[in-house]
Amino acid sequence: MRPALLILPLLALTACATPREQCINEASREARVLSALVNETRANLARGYALEERQEVRSFTRMCRGENSDGTTFRFPCSKTDTITVTEPVAIDLNAETAKLASLEERLAQVQTGTNAAVAQCIAIHPE
């Protein structure tokens with residue numbers, strides 16, 4: 001899953017959050033994104049390939065029903081368009097992915113220290 005997609009549900013919940021929860025959410029945003037990237041990279045390495053999502057627009061013809069003014073029904077061909085998400089495997093360079101994972105884990109460890117301090121500050125500023 002893309003990290004941006006993980007953030008969208010959190011934005012909807014932020015409107016209902018207390019000031020303390022909003023502060024903690026903001027303080028831990030970068031760590032959550034990095035954590036999601038680490039998990040995605042680990043899954044890619046475990047599978048040996050990445051998964052890529054893309055949108056496809058598909059149109060198809062089907063039979064629709066209509067009704068005449070006298071109450072009789074009739075069938076006619078009509079088209080419908082749907083947008084679907086397709087997930088497909090994508091080749092990756094395992095050595096580059098391993099290096100990326102090491103870099104992400106190092107960055108996450110650095111960010112986590114700052115995040116812990118910021119969360120503690122949020123708790124101190126907004127006691128419940």
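Atom-to-atom distance recorded for Leu45:CG and Thr98:OG1 is 4.5 Å, nearest 0.5 angstrom. Distance check: Arg29 CZ to Leu34 CG gives 13.0 Å after rounding to the nearest 0.5 Å. For the atom pair CG (Asn44) and CG (Leu94), the distance works out to 9.5 Å, reported to the nearest 0.5 Å. Going from atom OG1 of Thr115 over to atom CD of Gln110 covers 11.5 Å, rounded to the nearest 0.5 Å.
Between the Ser35 side chain and the Ala31 main chain, no donor and acceptor come within less than 3.5 Å of each other. Side-chain atoms of Asn68 do not come within 3.5 Å of backbone N or O of Asp70 as any donor-acceptor pair.
Val38 is listed as a side-chain neighbour of Leu101, based on a closest heavy-atom distance under 4.5 Å.
Under the rule for a side-chain contact (heavy atoms from CB on, under 4.5 Å), the partners of Glu21 that lie at least two apart in sequence or sit in another chain are Ala17, Thr18. With sequence neighbours left out, Thr87 forms a side-chain hydrogen bond (donor to acceptor under 3.5 Å, both in side chains) with no residue at all. By the salt bridge (Lys or Arg N to Asp or Glu O under 4.0 Å) test, Arg58 pairs with Glu56, sequence neighbours left out. For Asn39, there are no side-chain hydrogen bond (donor to acceptor under 3.5 Å, both in side chains) partners two or more places apart in sequence or in a different chain. With sequence neighbours left out, Gln121 forms a side-chain hydrogen bond (donor to acceptor under 3.5 Å, both in side chains) with no residue at all.
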Donor-acceptor contacts, no H, no angles, side chain residues 74-83, under 3.5 Å, sequence neighbours left out:
unit_1 : atom_1 : unit_2 : atom_2 : d
Thr81  : OG1    : Ser59  : OG     : 3.1

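Counting all heavy atoms, side chain and backbone alike, Arg32 lies closest to Ser28 at NH1-OG, 2.8 Å. The minimum heavy-atom distance between Ala109 and Thr113, with the atom names listed, is O-OG1, 3.3 Å. Ile92 and Gly48 make their closest contact through CG1-O, 3.9 Å (heavy atoms, listed as atom of the first residue, atom of the second, distance).
Screening residues 87-128 for ring-ring contact (aromatic ring centres under 6.0 Å, His included) gives no qualifying pairs among residues at least two apart or on separate chains. Under the salt bridge (Lys or Arg N to Asp or Glu O under 4.0 Å) criterion, the residue pairs touching residues 93-122 are Glu30-Arg107, Arg42-Glu105, Glu97-Lys100, with sequence neighbours excluded. Residue pairs meeting the disulfide bond (SG atoms under 2.5 Å apart) criterion with at least one member in residues 91-128, sequence neighbours excluded, are Cys23-Cys122.
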(request) Give the intermediate values and the outcome of side chain to side chain donor-acceptor pair (under 3.5 Å) for residues Asn116 and Gln112. (result) CA-CA 6 Å; Asn116 292 342; Gln112 195 62 49; 3.0 Å; yes

(request) Applying side-chain contact (heavy atoms from CB on, under 4.5 Å), run through Leu104 and Leu108 and close with a yes or a no. (result) CA-CA 6 Å; Leu104 286 169; Leu108 179 59; over 6 Å; no

(request) Check the pair Gln55, Thr85 against side chain to side chain donor-acceptor pair (under 3.5 Å), reporting the backbone distance first and the verdict last. (result) CA-CA 5 Å; Gln55 302 289 315; Thr85 301; 2.9 Å; yes

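Applying the under-4.5 Å side-chain rule to Ile, Leu, Val, Met, Phe, Trp and Tyr, the cluster around Val90 consists of that residue alone. Through direct or indirect side-chain contacts shorter than 4.5 Å among Ile, Leu, Val, Met, Phe, Trp and Tyr, Phe60 is connected to no other residue. When hydrophobic residues (I, L, V, M, F, W, Y) are linked wherever their side-chain heavy atoms come within less than 4.5 Å, Val57 remains an isolated member.
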